[in-house]
Number of protein chains: 2
Amino acid sequence: MKLDEVDRKIVSQLQIDGRTTLETLGKITGYTNMGVRKRVNNLLESESIRISALMNLKRFNFFLAVVLIETDGPETLQRLLKRFENCPRVVYIFTTIGGFNMIALVVAEDKETLESISMEKCSLRSEKGIRRSEFYPVMDVNYSPFMPIRRYLAHKDLSVPPCRVNCKPCARYKFERCVGCPATKYYKGHL
Amino acid sequence: MKLDEVDRKIVSQLQIDGRTTLETLGKITGYTNMGVRKRVNNLLESESIRISALMNLKRFNFFLAVVLIETDGPETLQRLLKRFENCPRVVYIFTTIGGFNMIALVVAEDKETLESISMEKCSLRSEKGIRRSEFYPVMDVNYSPFMPIRRYLAHKDLSVPPCRVNCKPCARYKFERCVGCPATKYYKGHL
DNA sequence: ATATTATGTTTAAAAAATAAACTCGTGAAA
DNA sequence: TTTCACGAGTTTATTTTTTAAACATAATAT
């Protein structure tokens with residue numbers, strides 16, 4: 001898949017404002033609104049692009065961290081991927097080659113909760129079969145504070161978190177040092 | 001800033017489809033289209049959210065890498081941030097605390113070019129004052145292949161790249177092992 | 001008590017999106 | 001060469017959406 005100059009202009013504009021009208025996109029490209037419509041529809045239907053809401057981390061005072069993980073083999077890696085597939089705190093999970101074979105970006109509503117997902121049973125690092133891991137709290141997201149936080153996973157209606165680690169028995173949750181999982185009923189935060 | 005249940009539904013839907021009409025959002029929330037319109041406008045004007053086009057890495061066969069950097073102090077860090085501010089290959093740069101103080105996500109059109117931004121003078125790692133760095137090619141972006149590649153920076157009209165490192169004298173560029181900088185005229189790739 | 005502000009609704013007008021039929025150039029097959 | 005199908009844009013008429021403005025109403029501040 002390759003984009004020509006017209007697609008490029010369309011995508012650039014849609015990155016700045018994903019709700020730009022077809023009329024405006026037409027003017028930018030020198031096409032009619034119907035011409036540009038077919039381009040945009042193609043891009044969307046072929047899944048070349050997606051137009052999506054990003055959240056401003058600064059506005060919401062969200063905290064990010066990068067987690068580096070080395071597993072003892074591919075089974076552990078797969079287990080981790082499966083387990084955190086629907087975790088609303090996971091922004092990205094990359095599998096990599098090199099010293100670490102998994103790198104994740106995770107989000108929390110406050111520092112205390114970030115600490116929970118650094119150490120507790122609900123943490124990526126808690127999985128059996130992890131040889132080594134490092135945890136880097138993010139101080140600044142430079143250039144642009146907008147991130148694709150998976151809000152639709154924070155539906156607050158489950159009784160067991162997607163990762164299957166119940167918050168209730170956790171001391172941090174009990175003593176109000178962690179807001180719990182945003183996908184469950186007993187969530188206490190504002191994600 | 002806090003989102004209530006209505007905002008939450010709006011943002012969730014806009015994450016799935018950023019061009020969802022106000023009518024549809026109204027139905028989802030039980031509001032009129034004008035009611036929901038004010039919510040959406042507030043979210044956008046307060047910069048709580050942004051609606052933006054993301055690119056499908058798989059469709060375009062893009063390659064990602066995570067770069068970990070430890071600098072000798074804050075000056076080097078600031079210099080790096082400044083230098084790569086408008087680099088179209090940078091997806092994210094985080095400043096972190098811990099063993100590494102900078103973590104970046106970079107993108108390339110092919111493996112050869114990825115290698116360039118791992119080692120060449122245009123690489124994040126080439127900056128003076130870097131004590132230590134690691135480079136992790138991403139094998140898989142799990143769950144969702146959509147990423148906010150900064151396409152508007154790939155305008156292909158500069159004569160000197162934003163990072164100020166000219167591609168022309170570079171052997172990799174000369175021997176077609178690197179497509180060069182997407183912000184410049186002599187770019188040979190398809191970003 | 002009395003403004004004031006934040007939120008939502010209604011209405012009518014303007015703008016945008018859509019479906020369908022049409023045009024034109026290109027490239028493959030007869 | 002001719003013909004036909006196809007992709008990419010345009011035009012037009014119609015339907016949907018968006019928008020602005022005036023109006024409600026409840027909560028908050030003075």
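Labels below follow one simple rule: chain letters A, B, ... track the order of the sequence lines, proteins then strands, and each chain is numbered from 1.
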Atom pair distance, as rounded to whole Å: [atom1] in [X] and [atom2] in [N]:
| X | N | atom1 | atom2 | value |
| --- | --- | --- | --- | --- |
| M34(A) | dT12(D) | CE | P | 13 Å |
| L22(A) | dT16(D) | CG | C1' | 13 Å |
| K27(A) | dA17(C) | NZ | P | 11 Å |
| E5(A) | dG9(D) | CD | C1' | 18 Å |
| I28(A) | dA16(C) | CD1 | P | 13 Å |

Please determine if a side-chain N or O atom of [X] lies less than 4.0 Å away from the OP1 or OP2 oxygen of [N].
| X | N | answer |
| --- | --- | --- |
| T32(B) | dG8(C) | no |
| R19(A) | dA16(C) | no |
| R39(B) | dT7(C) | no |

Discussion item. Using modelled atom types and a 3.5 Å cut-off, is there a donor and acceptor pairing between side-chain atoms of D140(A) and backbone atoms of T95(B)?
Written reply: no

Discussion item. Go nucleotide by nucleotide along DNA chain D from the 5' end; which of N42(A) and N33(A) gets its closest nucleotide reached first?
Written reply: N42(A)

Fill in: E23(A), nearest nucleotide to its side chain (from dT17(D), dT10(D), dA17(C))
dA17(C)

Worksheet item: Considering only dT18(D), dT18(C), dA16(C), which nucleotide approaches the side chain of T21(A) most closely?
Response: dA16(C)

Worksheet item: Going through the checks in order, is the side-chain hydrogen bond (donor to acceptor under 3.5 Å, both in side chains) test met by N56(B) and E47(A)?
Response: CA-CA 7 Å; N56(B) 186 335; E47(A) 300 210 276; 5.5 Å; no

Worksheet item: For D4(B) and K38(A), take the nucleotide of DNA chain C holding the closest heavy atom to each; which residue's nucleotide lies nearer the 5' end?
Response: D4(B)

Response to the item:
The residue among E120(A), K188(A), R89(A), R172(A) that forms side chain to side chain contact (heavy atoms under 4.5 Å, CB included) with T113(A) is R89(A)

Fill in: CA sep, side-chain torsions, deciding dist, call: S12(B), R151(A), side-chain hydrogen bond (donor to acceptor under 3.5 Å, both in side chains)
CA-CA 6 Å; S12(B) 289; R151(A) 276 310 323 282; 4.6 Å; no

